[in-house]
Amino acid sequence: MTLVKDSLPAAREPRPVAADARRRPGRRRENLAGYLFMSPWIAGFLLLTAGPMVASLYFAFTDYNLFNTPKWVGFDNFTRMFDDPRWQKSVEVTAKYVVIGTPLKLLLALGVALLLAQSRRGQAFYRAAFYAPSLIGASVSVGFVWRSLFSDGAVVDRTQSFFGWHVGGWVGNADWVLYCLVALTVWQFGAPMVIFLAGLKQVPRELYEAAEMDGAGPLRRFWNITLPMISPVLFFNVLLETIHSFQIFGSAYVVSNTQCGPADATLVYTCYLYQQGFKNAQMGFAAAMAWMLLLAVALVTAVLFWSQKKWVHYEEGAR
């Protein structure tokens, strides 16, 4: 019996059901629920973002005035753009605004962040007070207030006249009105200031103590410790504020009383795009301008990401 029993083939044990097979129906239900909750965002993205982008790309190659059927014209809008002196003026004004306004805004934000990083009485109040302009600075009402401050005979004009500087109101002066917009964007330094402040809080205090023991002064500690340690935050602010500067519209439109002047002095790119698309009903030309702006911002962004290898310092494994 023992021999017969041993000679019989061993009964096969039932194979365990794979864990993935048991979990598959549950995962499908979870995925379905996830897509269901995401459906409003997906519908909004397709209808309000992706759809209009595809449509504008088509309109960029057409002659379209919002009322008639678009007519395919190929690259005519782009060639017309480069031959348009007002388009060239808008590029010049926007570039000047970006080059002047962005660095000044970031310098002021970093300077105030360095002051607020130190423990002092009323610190929470100062942080809120300096951040408040970033919340209201882009509103139309602030644009009207800013225009009234820099008009002829207003506060700024009387103040500079008191010190012997007679140039009149900046709003009506083609040489100074752009600096009025620069002053407005610099005044809204609160958002990058908060980001700088968060970065400064992450710098180890031991580094400053060791540098101070070695005889390093405040300027050297700032240059050799603070800047390298907050360079990722600095890069983020530079990238974000540069993109925002290219998109300036509301303040330029309101301060110039919807004229983007005088003498096209505040004819920023988006203002001219608005004029062509909605005032002159040249939607095809405006769509071509919009895609040129997108390419310009993408190019600047690519250059910034390329340059970060030389001046942005990340912790090991943080990238």
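Here, residue 1 is the first one in the sequence, and each next residue gets the next number.
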**Student:** So with a 6.0 Å cut-off around CZ of Phe222, is the heavy-atom count from everything else above 12?
**Tutor:**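 Yes, the 6.0 Å shell around CZ holds more than 12 heavy atoms from other groups.
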
**Student:** Hey, what do you get for CG (Asn68) to CG (Asp63), rounding to the nearest 0.5 Å?
**Tutor:**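 Separation between the atoms: 9.0 Å.
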
**Student:** State the CD1-CG distance between Ile42 and Leu36, to the nearest 0.5 angstrom.
**Tutor:**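 Those atoms lie 10.0 Å apart.
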
**Student:** When you measure from the side chain of Thr62 to the backbone N and O of Lys71, does any donor-acceptor pair fall under 3.5 Å?
**Tutor:**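 No.
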
**Student:** Check the angle between the aromatic planes of Tyr269 and Trp87 and answer parallel, tilted or perpendicular using the 30° and 60° thresholds.
**Tutor:**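 Geometry flag for Trp87 against Tyr269: perpendicular rings.
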
**Student:** Can you name the nearest heavy-atom pair linking Arg127 to Met193, along with the distance?
**Tutor:**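 The pair with the smallest heavy-atom distance is O-CE, 4.0 Å.
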
**Student:** Evaluate the ring planes of Trp170 and Trp165, with Trp represented by its six-membered ring, and classify them as parallel (under 30°), tilted (30 to 60°) or perpendicular (over 60°).
**Tutor:**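 Ring orientation of Trp170 relative to Trp165: perpendicular.
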
**Student:** Please test Phe150 against Tyr179 for side chain to side chain contact (heavy atoms under 4.5 Å, CB included), starting from the C-alpha separation and ending with a verdict.
**Tutor:** CA-CA 10 Å; Phe150 286 85; Tyr179 298 103; over 6 Å; no

**Student:** Donor-acceptor check, side chain of Arg221 to backbone of Glu212, threshold 3.5 angstrom: yes or no?
**Tutor:**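 No, because the side chain of Arg221 does not come within donor-acceptor range (under 3.5 Å) of the backbone of Glu212.
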
**Student:** Measuring centre to centre across the rings, with the benzene-like ring taken for any Trp, is Phe246 within less than 6.0 Å of Tyr97?
**Tutor:**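 Between Phe246 and Tyr97, the centre distance exceeds or equals 6.0 Å.
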
**Student:** Under 3.5 Å, is there a donor-acceptor pair between the side chain of Trp146 and the main chain of Cys180?
**Tutor:**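 Such a contact is found between Trp146 side chain and Cys180 backbone.
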
**Student:** What's the separation between atom CG in Leu46 and atom OG in Ser39, rounded to the nearest 0.5 Å?
**Tutor:**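 The CG atom of Leu46 sits 11.0 Å away from the OG atom of Ser39.
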
**Student:** Okay, side chain of Asp157, backbone of Asp152: is any donor-acceptor separation there less than 3.5 Å?
**Tutor:**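 No: the side chain of Asp157 does not pair with the backbone of Asp152.
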
**Student:** Treating Gln160 as the side-chain partner and Gly168 as the backbone partner, does any N or O pair qualify as donor plus acceptor under 3.5 Å?
**Tutor:**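 Indeed, once roles are kept as given, a pair shorter than 3.5 Å links the two residues.
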
**Student:** Under 3.5 Å, is there a donor-acceptor pair between the side chain of Gln202 and the main chain of Ile230?
**Tutor:**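 Answer holds: no.
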
**Student:** For Trp223, does the CH2 atom sit with more than 12 other heavy atoms under 6.0 Å from it, leaving out its own atoms?
**Tutor:**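 For Trp223, atom CH2 is not crowded (no more than 12 foreign heavy atoms under 6.0 Å).
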
**Student:** Do other residues, nucleotides or ligands put more than 12 heavy atoms under 6.0 Å from Phe249 CZ?
**Tutor:**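 Enclosed: over 12 neighbouring heavy atoms sit under 6.0 Å from CZ of Phe249.
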
**Student:** Is the backbone of Leu116 close enough, under 3.5 Å, to the side chain of Gln123 for a donor and an acceptor to pair up by distance?
**Tutor:**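 Yes, Gln123 side chain to Leu116 backbone: donor-acceptor pair under 3.5 Å.
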
**Student:** Can you classify the ring geometry of Trp41 versus Phe45 as parallel (below 30°), tilted (30 to 60°) or perpendicular (above 60°)?
**Tutor:**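 Because their plane-to-plane angle is under 30°, the rings of Trp41 and Phe45 count as parallel.
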
**Student:** Under a 3.5 Å distance rule, please check whether Ser134 uses its side chain to pair with a backbone N or O of Ala191 as donor and acceptor.
**Tutor:**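 Answer holds: yes.
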
**Student:** Spell out, as yes or no, whether a donor-acceptor pair under 3.5 Å connects the side chain of Thr102 to the backbone of Thr242.
**Tutor:**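 It does not hold such a pair.
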
**Student:** Answer yes or no: is there a donor N or O on one side and an acceptor on the other, between the side chain of Ser56 and the main chain of Met53, under 3.5 Å?
**Tutor:**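 A pair under 3.5 Å: yes.
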
**Student:** Hey, what's the ring geometry for Phe285 with Tyr272, parallel, tilted or perpendicular (30° and 60° as the breaks)?
**Tutor:**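 Geometry flag for Tyr272 against Phe285: perpendicular rings.
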
**Student:** For the residue pair Phe75 and Phe61, does the interplanar ring angle fall in the parallel (under 30°), tilted (30 to 60°) or perpendicular (over 60°) class?
**Tutor:**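 Ring orientation of Phe75 relative to Phe61: perpendicular.
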
